[in-house]
Amino acid sequence: MNYTPLRHIGSVVWKHDPIQFTFFLTRKCNARCPFCFYLSRKNEEPAAELTLDEIRKVSASLGRLLWLAFSGGEIFLREDLVEIATTFYKTNKPAIILLPTNGLLPDRIAKQTEAILMQCPKSTVAVKLSLDGPEEVHDALRGVPGAFQKTMNTYEKLRPLLDRYRNFELGINTVFCAANQGRMDELIRFVRQLDGIGAHTVSLIRGDVADEGLKKIDIQAYRRTIELLETNLKERLSGRYRFRGARLKAAQDILQRRLIYDTRIKQRRLTPCYAGRLTLVLTETGDLYPCEAFSALLGNVRQHRYDIPAMIKTDPARRMICSVRDSACYCTHECYQLINLLFNPGHYPALLKTYLQI
């Protein structure tokens, strides 16, 4: 039971222990994507990244996790990525470890991914490769000539790991924006023919970005995209997920995309948000937030002896978390909508109906 998602069933009722932890490991990146909401954030007083020893203290303060998501920047630029992942694996026993990457470092990514798979055998380790369109579109959006071919090289190096490690998931993530919305059908067809790809996530552009024009999307184009993804998922379910509960995950994917579309159309929150209660976000410099909106700072771990549970129990942090819960803010972030769906019994009838239709 140590690493199984089932141990978190109690969080459906008791929403007071963070089970999804997102850690932005670094601001360093070898791409210059105009839709990146993280690197476009103003950082007037840059501080040093948390060291491995500091990260170990943070990890020791946390309980068991359902979902550990690393982010950045490009996470594989951290030389100690394997040690960081292993620290959380041994201490917090996450059911899922998510490793998103732009795929520009094929050899390093393959080597470090296999090391993490070896060190974390009881967690599902999911690598998500960024792919934002056909070659010319992807290279332009990533700001790196040859980015598409490097990502495909990374895919070729990672694909054999699927045969050697049952806990490995390999997927694709696409940022849906104005520059690529007209090429989604083509991209989805391309991804579908890639052997071993378990999931293709299409994320709506969000946050403050360098090129605001990219946010002028056709929401009906997004609707057509998620409908195509849904059709593909139903047709190929048996080969798309390698872990138990695949049909439930597929049903959740379908409902999540529909919820995101409805949220964008109606421009308001459509389901309770558990940010700060079930989810937390840590930056590379130690700032702690309820979510990736980065608008409700709970404090910095360096000023609180790296004790996150103690931090979120302080009166200021409690008030901040309550303000997020009661605010009118809304978002289309896939990771948070996942938690909001799976841990809200109000969604279970629709989830069951979708599950039975697959």
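Count residues from 1 along the sequence.
N102 and E74 share a donor-acceptor pair across their side chains, judged by distance under 3.5 Å alone. Residues T101 and K128 have side chains that never bring a donor and an acceptor to within less than 3.5 angstrom of each other. Using a 3.5 Å distance cut-off with no hydrogens or angles, the side chains of Q181 and Y222 do not pair a donor with an acceptor. Side-chain atoms of D287 and N300 form a donor-acceptor pair, as typed in the model, at a separation below 3.5 Å. For the 3.5 Å distance criterion, the side chains of H16 and R277 fail to qualify, holding no donor opposite an acceptor. Counting only N and O atoms by type, the side chains of D17 and S11 include no donor and acceptor under 3.5 Å apart.
Using modelled atom types, no side-chain atom of N92 and backbone atom of P94 make a donor-acceptor pair closer than 3.5 Å. Using a distance-only test at 3.5 Å, with no hydrogens or angles considered, a donor-acceptor pair links the side chain of S61 to the main chain of V58. At distances below 3.5 Å, not a single donor-acceptor pair connects side-chain atoms of N153 with backbone N or O atoms of Q149. In terms of modelled atom types and a separation under 3.5 Å, the side chain of T124 and the main chain of I96 share no donor-acceptor contact. Side-chain atoms of T283 never come within 3.5 Å of backbone atoms of F24 as a donor-acceptor pair (strictly under, hydrogens ignored). No donor-acceptor pair under 3.5 Å is formed between the side chain of T174 and the backbone N or O of F176. Checked by atom type and distance alone, the side chain of Y306 never pairs as donor or acceptor with a backbone atom of A60 at under 3.5 Å. No donor-acceptor distance shorter than 3.5 angstrom exists from the side chain of K353 to the backbone of Y348, with no hydrogens or angles considered. Looking only at distances, no side-chain donor or acceptor of T22 sits under 3.5 Å from a matching main-chain atom of L68. Proximity of a side-chain donor or acceptor of D139 to a complementary backbone N or O of P145 within less than 3.5 Å is not detected.
A salt bridge links E49 with R78: at least one charged nitrogen is closer than 4.0 Å to a carboxylate oxygen. Using a cutoff of 4.0 Å between basic side-chain nitrogens and carboxylate oxygens, E114 and R164 are scored as salt-bridged. Salt-bridge formation is not detected for the pair K28/E284: no Lys NZ or Arg NE/NH1/NH2 atom is positioned less than 4.0 Å from an Asp or Glu carboxylate oxygen. Salt-bridge check for D211 with K215: failed, with every basic side-chain N at 4.0 Å or more from each acidic carboxylate O. Taking the charged nitrogens against the carboxylate oxygens, R257 and E227 have no contact shorter than 4.0 Å, which rules out a salt bridge. Ion pairing between a basic and an acidic side chain is recognised when a charged N comes within 4.0 Å of a carboxylate O; R189 and E186 show no such pairing.
Considering only residues two or more places apart in sequence or on other chains, Y155 meets the ring-ring contact (aromatic ring centres under 6.0 Å, His included) condition with none of them. Residues passing the ring-ring contact (aromatic ring centres under 6.0 Å, His included) test with H8: none are found, sequence neighbours excluded.
The structure places CG of D253 at 10.5 Å from CD of E230, a figure rounded to the nearest 0.5 Å. One finds the SG atom of C36 at 12.5 Å from the CG atom of L141 (value rounded to the nearest 0.5 Å). How far CG of N232 is from CG of L228: 4.5 Å, rounded to the nearest 0.5 Å. Note: C177 SG to L214 CG = 5.0 Å, rounded to the nearest 0.5 Å.
Of the residues I172, I197, L99, N173, the one that meets the side-chain contact (heavy atoms from CB on, under 4.5 Å) test with L129 is I172.
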Test ring-ring contact (aromatic ring centres under 6.0 Å, His included) on F294 and Y38 and set out the steps. CA-CA 9 Å; F294 299 110; Y38 193 64; 5.5 Å; yes
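Annotation: Y330 is not in aromatic contact with Y336 [ring centroid separation under 6.0 Å not met].
Taking the side chain as every heavy atom from C-beta outward, Y274 and Q20 never approach each other to under 4.5 Å. Side-chain contact check for I55 versus F23: some heavy-atom pair is nearer than 4.5 Å.
Ring-plane geometry between F70 and F88 is classed as perpendicular, the angle between the planes exceeding 60 degrees on a 0 to 90 degree scale with a lower cut at 30.
Counting heavy atoms of neighbouring residues, nucleotides and ligands inside a 6.0 Å radius, atom CG of D208 does not exceed 12 of them.
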